[in-house]
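From a predicted model like this one, the values you see are computed outputs, not experimental measurements. Letters go in sequence order (proteins before strands), and every chain restarts at 1. When reading the values below, keep in mind they use all heavy atoms of this one structure, side chains included, and skip hydrogens, waters and symmetry mates.
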2 protein chains.
Amino acid sequence: MPVYRLDIAYDGGGFRGYAKQPTVPTIQADLEMVIADLVGPVETVVAGRTDAGVHARHNVVSFETEAEVDLARLRRSANTRLGPEVVVTDAGVAPDGFSARFSATGRRYQYRIFTGDHPDPFTADFTWWVEHDLDMEAMNTAAGAFVGEQDFTSLCRKAGDRSMVRHVRHASWSQDGPLCTYDVEASSFCHQMVRSMVAICVDAGRDKIDPASVPEILAALDRQAGRGVAPPHGLMLWEVSY
Amino acid sequence: MPVYRLDIAYDGGGFRGYAKQPTVPTIQADLEMVIADLVGPVETVVAGRTDAGVHARHNVVSFETEAEVDLARLRRSANTRLGPEVVVTDAGVAPDGFSARFSATGRRYQYRIFTGDHPDPFTADFTWWVEHDLDMEAMNTAAGAFVGEQDFTSLCRKAGDRSMVRHVRHASWSQDGPLCTYDVEASSFCHQMVRSMVAICVDAGRDKIDPASVPEILAALDRQAGRGVAPPHGLMLWEVSY
């Protein structure tokens with residue numbers, strides 16, 4: 001069957017996450033409704049199943065159908081009905097066998113923190129306000145400990161017996177005035193992994209933990225060894241690569 | 001009586017404008033409620049009475065009172081109760097006779113337009129999505145016609161017999177990828193003047209009017225000669241100077 005690929009972006013603030021659930025607003029349900037109205041019901045697959053309140057600058061969805069698909073019309077219809085919260089930025093025919101989920105070779109996330117003595121009205125929906133100075137050097141030391149192929153059990157919500165081993169290719173913090181940005185890339189992430197990383201880094205940046213202790217947190221292979229999770233609204237799926 | 005000055009910023013999206021009105025949410029009403037709870041009822045004066053849906057990166061409020069004012073506490077209380085939509089970025093004692101409104105020597109506004117074939121989820125609250133290419137040169141020609149001391153009757157909502165003569169010091173457009181920004185400064189503006197300027201510039205940028213005809217629009221001294229108003233959510237009071 002022909003495979004179609006949609007590149008999408010969304011403000012996750014009003015949704016209970018990407019993945020369909022009964023009775024609550026989800027991005028997948030909205031998108032499948034628009035597709036169904038034009039080409040009939042389809043099953044979609046997504047690169048990043050973002051959590052409730054998490055945003056995506058770039059996420060990718062694919063679906064198979066024998067029906068004729070007018071891609072320009074599908075894109076226009078989605079943007080009219082779902083925009084500006086959810087938009088289809090690109091729509092195309094994908095190579096045979098393409099899966100938005102399984103063909104992806106990398107996922108990159110960013111997390112934004114606004115520091116300062118008052119919140120910022122213009123970035124509040126997409127940044128976590130932390131009313132403390134953050135020590136970037138300590139945060140980068142903490143982030144450095146995440147890089148490499150490791151078992152991230154201490155940072156992730158348990159998902160049956162599935163492996164928590166992931167390969168983190170890059171993890172670093174940068175600062176631009178009051179705005180601190182975490183940039184992290186891996187082949188894939190397990191559940192709540194990025195927000196757990198951010199919580200650890202912020203505790204290191206506030207001198208609540210020693211950044212040199214992060215390898216011990218990972219080695220514990222115990223979620224209780226972590227530092228909880230940062231709030232979802234600062235997190236954005238930045239880019240999916242194939 | 002001692003005069004106090006509050007520097008404020010707000011996302012105007014959820015408000016029916018700055019100025020108090022019965023039964024609808026306004027920034028002034030929220031701010032005066034917080035002040036009243038700490039120091040008793042006061043009358044506030046503001047530099048820029050922004051319209052419903054218009055934002056302020058920087059606006060200034062002043063009030064007089066004989067009561068003792070704990071400025072740090074007032075600021076904290078405002079930010080806790082009104083943030084992140086409305087924040088007090090600075091609070092201080094002003095010189096004798098200071099008025100946020102009458103002492104101001106300049107007001108600067110910015111207006112943001114997002115061009116592109118889909119809306120942008122992350123700037124949608126603060127930009128006007130225009131689904132057309134805009135000719136920056138034509139828009140700057142149009143904007144140039146606003147500069148100087150002129151009667152802006154064609155661009156403003158009538159306010160009794162009050163003069164519509166204003167001195168515009170600067171008006172220009174710039175572009176950064178899909179984002180177009182209008183930057184305009186004057187001693188003061190009359191009602192709906194910036195949004196009327198933007199509507200004219202956009203019509204020039206879409207080749208719906210000749211940018212060379214803008215002086216005629218102004219010379220008509222007739223609101224019907226204008227091109228309506230751009231939507232409020234792209235507009236932001238950028239800075240007030242004293």
Write out the donor-acceptor pairs between chain A and chain B under 3.5 angstrom, atom names and distance to 0.1.
unit_1	atom_1	unit_2	atom_2	d
A:Arg75	NH1	B:Asp117	OD2	3.4
A:Arg75	NH2	B:Asp117	OD1	3.1
A:Arg75	NH2	B:Asp117	OD2	3.0
A:Asp117	OD1	B:Arg75	NH2	3.2
A:Asp117	OD2	B:Arg75	NH1	3.4
A:Asp117	OD2	B:Arg75	NH2	3.0

From the list B:Ala9, B:Pro119, B:Gly13, the residue making the most non-hydrogen contacts under 4.5 Å with chain A is B:Pro119

Are any non-hydrogen side-chain atoms of B:Leu31 and B:Val61 less than 4.5 angstrom apart? yes

Max heavy-atom pairs within cutoff under 4.5 Å with chain B, candidates A:Gly83, A:Ala124, A:Pro84, goes to A:Pro84

Residue pair B:Val45 / B:Ala100: nearest heavy atoms and the distance that separates them: O-CB, 3.6 Å

Show the numbers, then the answer: is there a side chain to side chain contact (heavy atoms under 4.5 Å, CB included) between B:Val194 and B:Leu155? CA-CA 8 Å; B:Val194 183; B:Leu155 305 194; over 6 Å; no

What's the spacing between A:Leu134 CG and A:Cys201 SG if we round to 0.5 Å? 10.0 Å

Audit row: A:Ile113, A:Val202, side chain to side chain contact (heavy atoms under 4.5 Å, CB included) steps and yes/no: CA-CA 9 Å; A:Ile113 293 176; A:Val202 166; 3.4 Å; yes

Identify the heavy atoms of B:Ala230 and B:Ala199 that sit nearest to each other, and give their distance. N-CB, 3.9 Å

Return the minimal non-hydrogen interatomic distance between B:Met136 and B:Cys180, and the atom names on each side. CE-SG, 3.3 Å

